Amino acid sequence: MLKTDVLIIGGGLAGLAAGAALEGKNDYLAAEREQRAGGLAATLRKGAFYFDYSGHLLHLRWPRTSEFILKALGGNCARIRRDARIYAHKSWTPYPFQANLSGMPDKVKAECVSGFLKAYNAARPAPAGPEAFSGWTRRVFGDGISEHFMLPYNAKLWQYPLGRLTTEWCAPFVPVPKPEEVIEGAYGKRSEGLGYNTVFHYPKRGGIGSLANAVARNLSGLRLGLQVDSVNLKKGVAQVRHFGPVHFRRLINTSPLDEFISSAEDAPIAVRRAAGSLRHNTVYVLNLGVRGAKADMHWGYFPGAEFPFYRTGVATNFSKSLAPRGCASYYVEIATPGTPLDLASAEAAILKGLKACGLLKSSSQVVEKLWLKIPCAYVVYNRERAEALPVIFDWLKARKVQSIGRYGAWKYSFMEESVKEGLEAADKFLKRW
Ligand SMILES: Cc1cc2nc3c(=O)[nH]c(=O)nc-3n(C[C@H](O)[C@H](O)[C@H](O)COP(=O)(O)OP(=O)(O)OC[C@H]3O[C@@H](n4cnc5c(N)ncnc54)[C@H](O)[C@@H]3O)c2cc1C
């Protein structure tokens with residue numbers, strides 16, 4: 001019978017960071033069901049191309065995690081200034097839309113600027129209870145920006161009614177400009193510095209997976225191909241597929257919270273019910289190897305209904321090493337509410353869209369492709385989530401379980417935050433929590 005002090009479920013960045021912080025200090029076992037580490041921050045090779053699970057760029061903001069990540073990457077890291085854009089009304093304009101309307105037709109510009117100023121001058125207070133995203137965007141950005149970008153783009157991304165989506169996730173991801181920035185961005189100079197990701201880091205070679213690989217290399221307690229099928233938190237036993245029981249004293253979970261709770265034999269009915277109310281979307285990523293492409297941006301957002309995708313990017317503009325000479329690597333993201341996507345018709349619509357916006361001249365330029373599916377991609381922020389999380393986390397705390405990472409904590413977060421939570425979860429156990 002296998003015994004460990006700390007069992008870590010998952011070898012994505014959160015689980016790897018927790019393992020790295022425990023390494024040499026405390027007994028642990030990190031069980032990763034796949035035959036590779038990294039979770040979503042992985043890179044797959046197909047033919048002569050390296051593809052990530054869509055763009056995975058490092059936005060570093062905290063000293064400890066920046067040091068951890070940059071040290072793991074050694075010299076294999078480039079610092080890059082963002083060139084992100086929006087394609088709407090048959091024109092490109094720089095990101096963020098609300099502060100860079102210069103590329104839009106005059107009528108759209110006027111609607112957006114006047115709507116913003118009207119909303120700004122009205123200064124309507126937020127409602128007392130939770131505010132829906134659809135009301136928030138009209139109150140803060142006005143009708144023009146909301147109708148030309150915020151509402152159609154977010155409807156495509158979240159695949160959930162925007163009148164029931166809450167706004168706790170917005171602060172770090174949706175920058176709110178000042179009136180002078182909106183006016184200057186529409187009629188004067190470009191506003192470059194707005195948003196959380198004006199500068200990002202990316203490995204020079206090997207794609208984003210080289211970060212996880214570098215961390216995983218030094219972890220003696222990481223086991224690949226180990227899937228945890230169920231846990232009994234009271235007894236401290238996990239059932240591992242094709243392996244049997246693993247006894248643990250303390251647990252760090254990084255697998256999706258809803259799946260984890262449904263695998264917990266001793267979860268009370270109220271906790272199960274809370275987990276059952278959690279919702280997420282599904283994202284399909286079509287990676288394309290393209291010959292002779294002429295695209296200089298990093299990524300672009302597509303609010304228009306004529307495009308099936310909400311975002312596309314050019315990975316070779318982060319790192320030339322991802323494709324052979326003369327070729328580029330694109331990623332294209334389509335979200336669904338969980339319903340299956342007909343890949344053949346989606347691919348035809350993607351190629352049509354890429355040609356319409358000028359990223360592709362002809363389908364014959366495509367020399368490689370790889371579809372990747374992210375079943376649980378963006379967790380939905382709704383009232384049910386706000387009510388469910390305290391019920392679930394109170395029970396987990398009583399069982400001395402830490403559930404962390406983008407899906408373990410059920411939040412809209414990014415790679416650095418998963419690393420941060422992994423390091424901090426290990427700290428907590430090292431301090432005998
Ligand atoms: C479309 C998209 C684009 C993104 N772009 C960016 C970006 O540009 N920059 C950024 O910083 N972040 C980005 N992110 C977020 C980023 O992917 C995550 O924040 C981060 O990779 C999550 O790491 P994690 O370890 O928390 O979770 P995961 O990567 O999901 O790792 C969890 C691991 O647990 C394993 N697992 C699950 N269940 C079990 C089980 N029962 N037994 C054993 N193992 C199990 C899984 O196989 C997986 O390896 C993006 C996310 C998406 C969906």
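The structure presented is a predicted model; accordingly, all values stated were derived computationally and were not measured. In this chain, numbering begins with 1 at the start of the sequence shown. Every number for a ligand or one of its atoms is a count from 1 in the order of the listing.
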Can you tell me how far [atom2] of [Y] sits from [atom1] of [X], rounded to the nearest 0.5 angstrom?
X      : Y      : atom1 : atom2 : value
Ile334 : Thr282 : CD1   : OG1   : 12.5 Å
Leu359 : Trp92  : CG    : CH2   : 4.5 Å
Ile208 : Leu40  : CD1   : CG    : 11.5 Å
Cys327 : Leu288 : SG    : CG    : 12.0 Å

What part of [X], side chain from CB on, backbone N/CA/C/O, both or neither, has a heavy atom under 4.0 Å from ligand 1?
X      : result
Arg36  : neither
Glu333 : side chain
Ala14  : both
Ile9   : side chain

Would you mind listing which atoms of ligand 1 come within a distance below 4.0 Å of any non-hydrogen atom of [X]?
X      : value
Gly39  : 29 (O), 31 (O), 48 (C), 49 (O)
Gly10  : 33 (C), 34 (O), 35 (C), 44 (N)
Arg311 : 3 (C)
Gly405 : 26 (O)
Ser413 : 15 (C), 19 (O)
Thr254 : 32 (C), 34 (O)
Ala31  : 43 (C), 44 (N)
Val228 : 40 (C), 41 (N), 42 (N), 43 (C)

Apply the test side-chain contact (heavy atoms from CB on, under 4.5 Å) to residues Leu233 and Trp395: give CA-CA distance (whole Å), side-chain angles for both, the deciding distance (0.1 Å), then the verdict. CA-CA 10 Å; Leu233 301 183; Trp395 180 66; 3.4 Å; yes

For ligand 1 and [X], I'd like to know whether there is a polar contact (N/O to N/O, distance under 3.5 Å).
X      : value
Ala377 : no
Leu40  : yes
Leu57  : yes

Give the residue and atom name of whichever protein heavy atom lies nearest to [atom], and the separation in Å to one decimal.
atom                    : answer
atom 14 (N) of ligand 1 : His56 NE2, 3.4 Å
atom 12 (N) of ligand 1 : Met415 N, 3.3 Å
atom 49 (O) of ligand 1 : Glu32 OE1, 2.5 Å
atom 44 (N) of ligand 1 : Arg33 N, 3.2 Å
atom 18 (C) of ligand 1 : Arg406 CD, 3.6 Å
atom 3 (C) of ligand 1  : Ser54 OG, 3.4 Å
atom 5 (N) of ligand 1  : Gly55 O, 3.0 Å
atom 22 (C) of ligand 1 : Ser418 OG, 3.4 Å

Are Tyr301 and Tyr95 near enough that their ring centres are under 6.0 Å apart?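 They qualify: ring centres under 6.0 Å apart.
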
Parallel, tilted or perpendicular, judged at 30° and 60°: which one describes the rings of Phe49 and Phe51?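 Geometry flag for Phe51 against Phe49: parallel rings.
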
Parallel, tilted or perpendicular for His298 and Phe318, by the 30°/60° rule?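 Rings of His298 and Phe318: tilted, 30 to 60°.
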
Shortest heavy-atom approach to atom 37 (C) of ligand 1 - which of Ala212, Ser255, Gly12: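 The option holding the nearest heavy atom is Ser255.
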
Are Asn232 and Glu265 close enough that a side-chain donor and a side-chain acceptor fall under 3.5 Å?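 The answer is yes; a qualifying pair exists.
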
Scan side-chain atoms only and decide if Glu131 and Thr167 contain a donor-acceptor pair under the 3.5 Å cut-off.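 There is no such pair between these side chains.
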
Of the options Arg61, Arg406, Lys411, which is the one that meets Glu417 in a side-chain hydrogen bond (donor to acceptor under 3.5 Å, both in side chains)?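 Going through Arg61, Arg406, Lys411 one by one, the side-chain hydrogen bond (donor to acceptor under 3.5 Å, both in side chains) with Glu417 is satisfied by Lys411 alone.
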
Does ligand 1 have an atom that lies less than 4.0 angstrom from a heavy atom of Leu16?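 Checking ligand 1 against Leu16, which is what was asked, there is no heavy-atom contact under 4.0 Å.
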
Could you report the tightest heavy-atom contact between Asn76 and Ser210, atom names first, then the distance?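 Taking Asn76 first and Ser210 second, the nearest heavy atoms are ND2-OG, 3.6 Å.
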
Sole candidate of Phe307, Phe149, Tyr310 that passes ring pair (Phe, Tyr, Trp, His ring centres under 6.0 Å) when paired with Tyr87: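 Per the ring pair (Phe, Tyr, Trp, His ring centres under 6.0 Å) rule, the option paired with Tyr87 is Phe307, out of Phe307, Phe149, Tyr310.
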
Out of Arg82, Glu333, Arg85, which residue meets the side-chain contact (heavy atoms from CB on, under 4.5 Å) rule with Trp299?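 Per the side-chain contact (heavy atoms from CB on, under 4.5 Å) rule, the option paired with Trp299 is Arg82, out of Arg82, Glu333, Arg85.
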
Assess whether ring pair (Phe, Tyr, Trp, His ring centres under 6.0 Å) is satisfied between Phe393 and Trp410, documenting all intermediate values. CA-CA 11 Å; Phe393 283 112; Trp410 206 256; over 10 Å; no

